[in-house]
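Before any comments, here is the structure.
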Amino acid sequence: MDRAALTHPGRVLYPDPGIAKRELAGYYAAVADRLLPHLADRPLSLVRSRDGEAFYQKHHRGPAPPGLASIGIDVGTGRRDYLVCRDATGLASLAQLGVVELHTWGSRLPDPLRADRLTFDLDPDPTLDWRTVADAALTLRALLQALGYESWCKTTGGKGLHVVVPLTTRRPDWDTARTSARAVARYLCRTEPTRFAARPGDAHRRGRLYVDYLRNYGGATAVSAYSPRLRPGAPVSMPLAWRQLEGDEDLRGRRFELRAVPAWLRRRRDPWSGYADTRQAFDADAFARLEGPAPDPGVT
DNA sequence: GTCTGGC
DNA sequence: GCCAGACAACGCAAT
DNA sequence: ATTGCG
């Protein structure tokens, strides 16, 4: 397979700390073995950098660059082509395109209309400390375990955390996936209203975490593990071991920056090594049993 | 980064 | 020939 | 119906 030439290698994509295209390509190559399994067969949503400013792209006009495939998927109204990354050559093409964030669907080809995981985005009031956010993730994990599901946690590169539930069999259509994830979010808000908020926005959320279940419908995406973010320091969405959530070290945000991650990975075991081997069947009834009255919005 | 469409 | 514009999109809740 | 948010 051809590999596209890396043009404009000195073009700065992350103004802070001044990471150019050449360094981004080096990062993708260095973490390819870890990153590629998270991209495999998943339609992509790309964030590209124009002078450090983000612009989004879901569709590619013309033939797909080397290592990328443009795949037609029937979405609500009509059929559109979405990019999928095939291999390390595809990562090189993404670097050539100036792609600074990789977001993926929660489903995979050849069945993109059924979820193969649920993603919960814990989005805290930015003033909340690490322990409060980590404890919220542990609470969500325990709830999911009570439902019969193991889950995995990663940083987002920002103040929050993602909790991911892989689903291998009896995978739900998007409407069922969204409804089930919503039931989990509402349950947390109903049972622990002092910790969890049902809606985004500082005024409503203050002092709490917004449980964003809205990554779980057709075409919705969440940032991929090992994707950098176009933010100061170029932080990376880093998979964590649950054990790390019990410690006092704040692992969010710039704790894992693009420049430091390859060396870090070389000396640490993959905390998500069990993810790919996990077999869990989706059971809509288990989630439906969480249903109750809508959460009290509380004081505005 | 690259293509398109308007001048 | 050159340059500006396009390059995503949707559920949810508030106004 | 339109806007703001993620």
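All chains are named by letter (A, B, ...) in the order of the sequence lines, taking the proteins before the strands, and each is independently numbered beginning at 1.
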Write down the distance separating the P atoms in B/dT4 and C/dA8, rounded off to the nearest Å.
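Nearest-Å result for B/dT4 against C/dA8 at atom P: 14 Å.
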Taking 4.0 Å as the cut-off, does a side-chain nitrogen or oxygen of [X] come that near to OP1 or OP2 on [N]?
| X | N | result |
| --- | --- | --- |
| A/H59 | C/dA9 | yes |
| A/R178 | C/dC12 | yes |
| A/Q96 | B/dT2 | yes |
| A/R199 | D/dG4 | no |
| A/R48 | C/dC7 | no |
| A/Y210 | D/dC5 | no |

Under 4.0 Å, counting only non-hydrogen atoms across every strand here, what does A/H60 touch: a base, just sugar-phosphate, or nothing?
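The residue A/H60 makes no contact with any strand.
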Rounding to an integer number of Å, can you tell me how far [X] [atom1] sits from [N] [atom2]?
| X | N | atom1 | atom2 | answer |
| --- | --- | --- | --- | --- |
| A/N216 | D/dG6 | CG | C1' | 13 Å |
| A/L83 | C/dC7 | CG | P | 15 Å |
| A/R61 | C/dG5 | CZ | P | 15 Å |
| A/Y213 | C/dC10 | OH | C1' | 12 Å |
| A/Y56 | C/dA8 | OH | P | 13 Å |
| A/Q57 | B/dC3 | CD | C1' | 11 Å |
| A/L97 | C/dA6 | CG | C1' | 15 Å |
| A/L214 | C/dA13 | CG | P | 9 Å |

Looking at A/Y217, is A/R178 sitting on its ring face, NZ or CZ under 6.0 Å from the six-membered ring centre and within 45 degrees of the normal?
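No; the conditions do not both hold, so A/R178 does not lie above the ring face of A/Y217.
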Only one of A/Y213, A/F120, A/Y149 passes side chain to side chain contact (heavy atoms under 4.5 Å, CB included) with A/V184; say which it is.
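The passing option is A/F120.
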Side chain of A/R182 - closest among D/dG6, B/dT2, C/dC12:
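Of the options given, the side chain of A/R182 lies nearest C/dC12.
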If you only use heavy atoms from C-beta on, which nucleotide in C/dA9, B/dT2, D/dG6 is closest to the side chain of A/R80?
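Taking heavy atoms from C-beta onward, the closest nucleotide is C/dA9.
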For the side chain of [X] and the backbone of [Y], is there at least one donor-acceptor N/O pair under 3.5 Å apart?
| X | Y | result |
| --- | --- | --- |
| A/Q280 | A/P166 | yes |
| A/W130 | A/E249 | yes |
| A/E192 | A/T194 | no |

